[in-house]
Amino acid sequence: MKYLILLFSVFSFAQQTKFVDFKSVLGKIEINPIEKSVYGEVTYEFQVTSATDTIRIDAQNMTFTNLKINNSIVNYKNSGKKIALFEWFIIGKNTLTFNYLAKPKQTMYFVGADENLQIWTQGQGKFTSNWFPSFDDANEKVIFNLDVNFDKNFQVISNGVLVNKKVNSDTTDWQYRMKKPMSSYLLMLVIGKFEVQNEKSKSGIPLCFYIENEDFAKIEPTYRYSKTIFNFFEKEIGVKYPWEIYKQIPVRDFLYAGMENTSATVFSRDFVVDEIGFEDKNYVNVNAHELAHQWFGDLVTAESGKHHWLQEGFATYYALLAEKEVFGEDYFYFKLYSISQQLKSVSKTDTIPILNEKASSLSFYQKGAWTLHVLREGVGAKVFQKAVQNYLKKYSFKNVTTDDFLDEIRKVSKYDVDAFRIKWLENFGFDNQKATELLLKNESIKALLEIQKLRNKPFIEKQDVFVKTMQSDAYFPIKEEIIYQIENVLFADKAALLRLGLATNDVNVRQAIANTTPKIPLEFKVEFETLLDDKSYITREVALSSLWSQFPEDQIKYLEKSKDWVGFNDKNLRILWLTLALGTKEYELDNKAKLYDELLDYCSPKFESSIRQNALEKVLFINEKDKNVLPFIVNALVSHKWQFSKFGRDKIRLLLKNQNVRSYFEMVLPNLNKEESAALSKLLSE
């Protein structure tokens with residue numbers, strides 16, 4: 001019965017959009033970072049198109065006062081998940097006003113404290129209704145406007161155009177306005193301390209690139225190609241960017257890679273990189289993916305989860321097209337090839353088709369992208385572009401189904417859309433034969449597949465081909481394949497080939513050599529040491545670790561060379577250096593305590609989870625019984641970032657096998673805060 005009531009409630013709310021149309025909202029909000037609360041005054045304008053007895057708004061764990069419809073105090077019911085309004089609305093235009101107070105348990109996150117405070121929201125999958133009374137149903141599209149009052153030492157960023165900014169004695173009022181409607185999950189807010197670099201697209205759209213003050217030197221490599229991608233999309237998609245402005249903001253401990261909030265993408269600070277970091281882990285793909293969503297997801301929005309691929313498949317595929325524009329055709333085809341290998345490997349176990357709300361992320365994103373590639377190749381790029389243009393223009397600011405898109409393909413081509421739908425959208429599995437046929441249009445893919453055919457042949461039979469290929473201008477994944485094929489060949493036999501690989505000066509090929517040389521021959525030591533100077537933080541990390549462990553007599557030399565390295569935002573090189581320095585007996589004897597304190601400090605909540613996890617791993621590697629680190633592992637359990645909290649749970653489960661550690665956890669349990677105590681108690685009782 002409970003299930004039937006819930007089902008009816010969801011069904012009835014979904015039907016609301018048929019007779020009630022919320023047009024716009026103005027929210028005037030204040031945020032208290034100490035109490036982690038939101039107070040707001042809200043005005044909704046809505047239209048009732050036919051008679052109804054109840055109007056509902058999603059509102060998670062909120063309290064309300066002064067609810068009025070058309071200036072009359074209204075009776076309402078607050079279920080803790082929704083407010084239901086029963087009177088004073090009329091057929092035609094209506095105004096709803098109220099005050100609310102929320103203490104969001106999710107969707108709005110408070111990271112850091114004091115001067116390092118950041119507040120940011122993430123609505124998709126968690127629902128904006130946790131911090132702003134709105135609509136969890138993506139079919140209800142509203143023009144959102146926000147006025148936000150906050151400490152004047154911080155910046156406030158939201159959707160749309162900043163139309164006014166008023167500085168008071170202690171606070172600043174920020175007023176953001178939009179002209180077009182969007183689904184509630186796309187509402188966003190970021191508060192923090194940022195610098196901003198402003199540019200304009202070819203079509204005149206303001207592009208705002210935000211970055212933390214301390215990261216400003218990284219702004220160029222972080223946002224490299226951003227303007228190029230924006231201009232490319234407007235040309236390739238053939239529909240002008242649908243909003244008035246585009247902002248991008250990196251935040252700490254973001255839950256995902258990025259989120260395509262309307263007119264303002266929020267993304268993980270892990271993608272803020274310098275010149276060297278760009279070679280290993282750049283923002284280009286995520287950048288393009290989230291920007292593509294401004295059309296595919298924000299402008300046109302899937303009617304339900306069943307059609308989610310219309311958002312993620314399109315964004316993934318157009319990101320690949322953007323990377324083709326930036327990095328070239330070979331790069332594009334090798335990305336498609338890599339995706340095809342993923343899909344092929346899971347084709348027998350991932351049995352839910354794309355057109356199913358329970359499909360995997362791999363299906364929605366990667367298979368969705370491949371599906372579009374098959375379609376684009378089948379109808380031709382120009383015809384595909386025309387269908388996409390018609391689709392976007394016809395359904396702008398509306399909700400769509402898969403048939404809405406496929407109908408536009410039918411109108412401009414004679415392609416067998418029905419057969420395509422059945423094979424690629426309604427059936428599970430992956431047509432690897434078709435994928436290979438399309439991949440073979442690229443000469444570099446042909447060359448890679450030819451090299452792969454040699455995997456089971458003796459080295460002596462393929463050595464000449466490998467040497468010739470390594471000396472050629474073949475694309476780097478082909479040369480990487482060679483390095484991995486010779487991983488288990490005796491060094492004496494493959495030495496010349498490895499030296500040719502190093503001589504390519506290709507970061508990826510050299511990194512493959514670092515990864516496949518666990519034991520460094522003495523006669524290869526000097527050449528292997530050159531990897532310490534590569535423009536790759538990953539290569540440097542692998543090389544430093546290998547050289548330090550295998551050549552004790554040179555440990556101090558390696559530590560002196562790398563003592564100022566930091567690496568990515570997770571401080572991978574600095575944390576590795578501290579670990580190795582602590583493990584080198586005769587090095588920095590007077591500073592051992594200081595080095596340990598620095599490493600331990602990186603485990604604390606003052607740092608991002610990526611830094612903390614990296615440091616926690618290293619401290620436990622040095623001494624898994626180190627009690628100084630145990631409170632920090634407990635704290636990881638209550639992180640809002642699920643990846644880090646899972647890390648904490650997994651580590652504690654392992655540590656609890658040691659009775660002394662279990663006794664320690666039981667002893668400190670009463671001194672923990674309520675959240676930590678509950679999380680640790682659950683693990684202790686397993």
Side-chain angles (χ1 to χ4, degrees), residues 24 141-147 155-165 174-183 186-190 194-211 216 219-250 258-267 283-301 311 314-315 318-319 321-326 381-382 385-386 388-398:
S24 66
K141 288 178 176 265
V142 181
I143 298 173
F144 283 92
N145 302 294
L146 279 187
D147 291 355
Q155 278 188 288
V156 174
I157 307 158
S158 189
N159 312 79
V161 174
L162 178 64
V163 296
N164 192 35
K165 176 183 173 184
W174 304 74
Q175 296 182 348
Y176 285 95
R177 297 292 181 268
M178 294 194 69
K179 292 183 177 180
K180 299 295 183 180
M182 66 181 187
S183 301
L186 298 166
L187 182 65
M188 59 76 64
L189 188 66
V190 171
F194 301 96
E195 299 285 340
V196 61
Q197 180 175 298
N198 296 306
E199 295 190 25
K200 280 195 173 182
S201 71
K202 190 175 181 180
S203 61
I205 297 295
L207 307 176
C208 308
F209 306 136
Y210 288 86
I211 203 158
F216 191 76
I219 197 165
E220 190 285 322
T222 296
Y223 288 108
R224 188 173 294 169
Y225 304 120
S226 292
K227 189 172 178 179
T228 299
I229 294 168
F230 192 99
N231 293 335
F232 168 73
F233 275 163
E234 286 206 313
K235 180 180 178 181
E236 174 64 30
I237 295 171
V239 174
K240 191 177 185 298
Y241 176 76
W243 319 101
E244 295 178 88
I245 193 170
Y246 186 54
K247 294 164 274 193
Q248 296 178 82
I249 314 100
M259 175 61 199
E260 69 279 8
N261 311 288
T262 306
S263 78
T265 285
V266 179
F267 67 98
Y283 175 52
V284 174
N285 182 266
V286 175
N287 187 344
H289 181 101
E290 306 307 337
L291 176 57
H293 271 309
Q294 299 296 322
W295 287 268
F296 306 104
D298 297 7
L299 176 61
V300 293
T301 309
Q311 294 173 191
F314 270 86
Y318 274 86
L321 293 175
E323 288 184 296
K324 180 181 178 182
E325 176 75 6
V326 170
K382 291 295 183 183
Q385 183 185 52
K386 181 62 177 174
V388 169
Q389 288 176 18
N390 294 341
Y391 164 70
L392 291 173
K393 289 176 180 178
K394 182 175 181 178
Y395 296 104
S396 290
F397 313 108
K398 297 178 183 178

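Worth knowing before you read on, the calculation uses all heavy atoms, side chains too, and leaves out hydrogens, waters and symmetry mates. If you read the sequence from its start, that first residue is 1, and numbering goes on from there.
Considering every non-hydrogen atom in both D147 and Y176, the closest pair reads OD1-N, 4.4 Å. Contact between F233 and A292 at its shortest, heavy atoms only, is CE1-N, 3.7 Å. The two atoms that bring L299 and P242 nearest to each other are CD1-CB, 3.9 Å, heavy atoms only. Between N164 and L162, the shortest heavy-atom contact is O-CD1, 3.3 Å. What you find for I249 and A264 is that their closest heavy atoms are CD1-CB, 4.3 Å. The shortest heavy-atom contact between S201 and N231 is CB-OD1, 3.5 Å.
Under the ring-ring contact (aromatic ring centres under 6.0 Å, His included) rule, W243 has a single partner from F144, F230, F397, which is F397.
Side-chain contact check for T301 and K141: at least one donor-acceptor pair (N or O, by modelled atom type) lies under 3.5 Å. Side-chain atoms of S226 and N287 include a donor-acceptor pair closer than 3.5 Å.
Under a cut-off of 6.0 angstrom, the local environment of NZ in K180 is sparse, with at most 12 non-hydrogen atoms contributed by other residues, nucleotides or ligands. Remark: K386 NZ is loosely packed, at most 12 non-hydrogen atoms of other residues, nucleotides or ligands lying under 6.0 Å away.
For the atom pair CG (N159) and OG (S263), the distance works out to 5.0 Å, reported to the nearest 0.5 Å. Taken to the nearest 0.5 Å, the NZ atom of K247 stands 12.0 Å off from the CG atom of L207. Distance CG/D298 to CG/N261: 8.0 Å, rounded to 0.5 Å. Put simply, CG on L291 and CD on Q248 are 7.0 Å apart, with the number rounded to the nearest 0.5 Å. Once rounded to the nearest 0.5 Å, the distance linking CD of Q294 with CG of L186 reads 8.0 Å. Rounding to the nearest 0.5 angstrom, the gap separating the NZ atom in K227 from the CD1 atom in I205 is 12.5 Å.
Using cut-offs of 30° and 60° on the angle between ring planes, the pair H289 and H293 is perpendicular. Classified by interplanar angle (parallel below 30°, tilted 30° to 60°, perpendicular above 60°), the ring pair Y283/F267 is parallel. Using cut-offs of 30° and 60° on the angle between ring planes, the pair F296 and Y391 is parallel.
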Query raised in the report: After noting the C-alpha distance and the side-chain angles of T222 and F209, does the key distance pass the side-chain contact (heavy atoms from CB on, under 4.5 Å) rule?
Result: CA-CA 9 Å; T222 296; F209 306 136; over 6 Å; no
Query raised in the report: Going through the checks in order, is the salt bridge (Lys or Arg N to Asp or Glu O under 4.0 Å) test met by E234 and K202?
Result: CA-CA 9 Å; E234 286 206 313; K202 190 175 181 180; over 6 Å; no
Query - Evaluation steps, side-chain contact (heavy atoms from CB on, under 4.5 Å), between L146 and V156 - result: CA-CA 11 Å; L146 279 187; V156 174; over 6 Å; no
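Side chain of Y225 to main chain of A288: no donor-acceptor pair is present (N/O by atom type, distance under 3.5 Å, no hydrogens or angles). Side chain of Q389 to main chain of V239: no donor-acceptor pair is present (N/O by atom type, distance under 3.5 Å, no hydrogens or angles). One N or O on the side chain of N145 and one on the backbone of M178 form a donor-acceptor pair closer than 3.5 Å. The backbone N or O of I143 sits nowhere less than 3.5 Å from a side-chain atom of K179 that would complete a donor-acceptor pair. Distance alone, capped at 3.5 Å, places no donor-acceptor pair between the W295 side chain and the L392 backbone.
In this structure, Y223 and E199 have side chains that are not in contact, with every pair of non-hydrogen atoms separated by 4.5 Å or more.
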